[in-house]
Amino acid sequence: MAKNEKLILHQDSCKACLYCVAACPKQALAVSDYTNAKGYQAVGVDEEKCVVCGACFAVCPDYVYEIVKGDAV
């Protein structure tokens, strides 16, 4: 993980397509226990495994992910 970068996951926007889970090279993403207002069992992130590579951000069709850098962390 680059210094002062963090992955933000907006679970309420997740439609559980699981593209991000398949794309994650560190297996830091998995289906969580959280069901959002749309009825989807959203993906969750294991922050210990996540290296903020951006693979999930690149494949997500619903803009669920945000990479925050610098002072915003």
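Computed from a predicted model, the values in this text were never measured in an experiment. When reading the values below, keep in mind they use all heavy atoms of this one structure, side chains included, and skip hydrogens, waters and symmetry mates.
- Taken to the nearest 0.5 Å, the CD atom of Glu5 stands 6.5 Å off from the CD1 atom of Ile67.
- There is no path of hydrophobic side-chain contacts, each under 4.5 Å, that joins Val21 to Val59.
- Linking ILVMFWY side-chain heavy atoms closer than 4.5 Å, directly or via other members, places Tyr19 and Tyr40 in two distinct hydrophobic clusters.
- Listed for the Asp62 side chain is no donor-acceptor partner under 3.5 Å among the backbone atoms of Val64.
- Distance check: Lys26 NZ to Asp46 CG gives 12.5 Å after rounding to the nearest 0.5 Å.
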(message) With side-chain contact (heavy atoms from CB on, under 4.5 Å) as the criterion, how do Cys56 and Leu29 come out once you've worked through the C-alpha distance, each side chain's angles and the decisive distance to 0.1 Å?
(response) CA-CA 9 Å; Cys56 55; Leu29 302 171; 3.7 Å; yes
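- Using a 4.5 Å heavy-atom threshold, the side chains of Lys69 and Lys6 count as separate.
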Donor-acceptor pairs under 3.5 angstrom involving side-chain atoms of residues 7-17: please list them, not counting sequence neighbours.
from  : atom 1 : to    : atom 2 : distance (Å)
His10 : NE2    : Glu66 : OE1    : 2.8
Gln11 : NE2    : Ser32 : OG     : 3.4
Gln11 : NE2    : Val43 : O      : 3.0
Asp12 : OD1    : Tyr34 : OH     : 2.4

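- Among all heavy-atom pairs drawn from Tyr65 and Phe57, the shortest one is O-CD1, 3.4 Å.
- Cluster note: Tyr63 groups with no other residue, as no ILVMFWY side-chain heavy atom lies under 4.5 Å from it.
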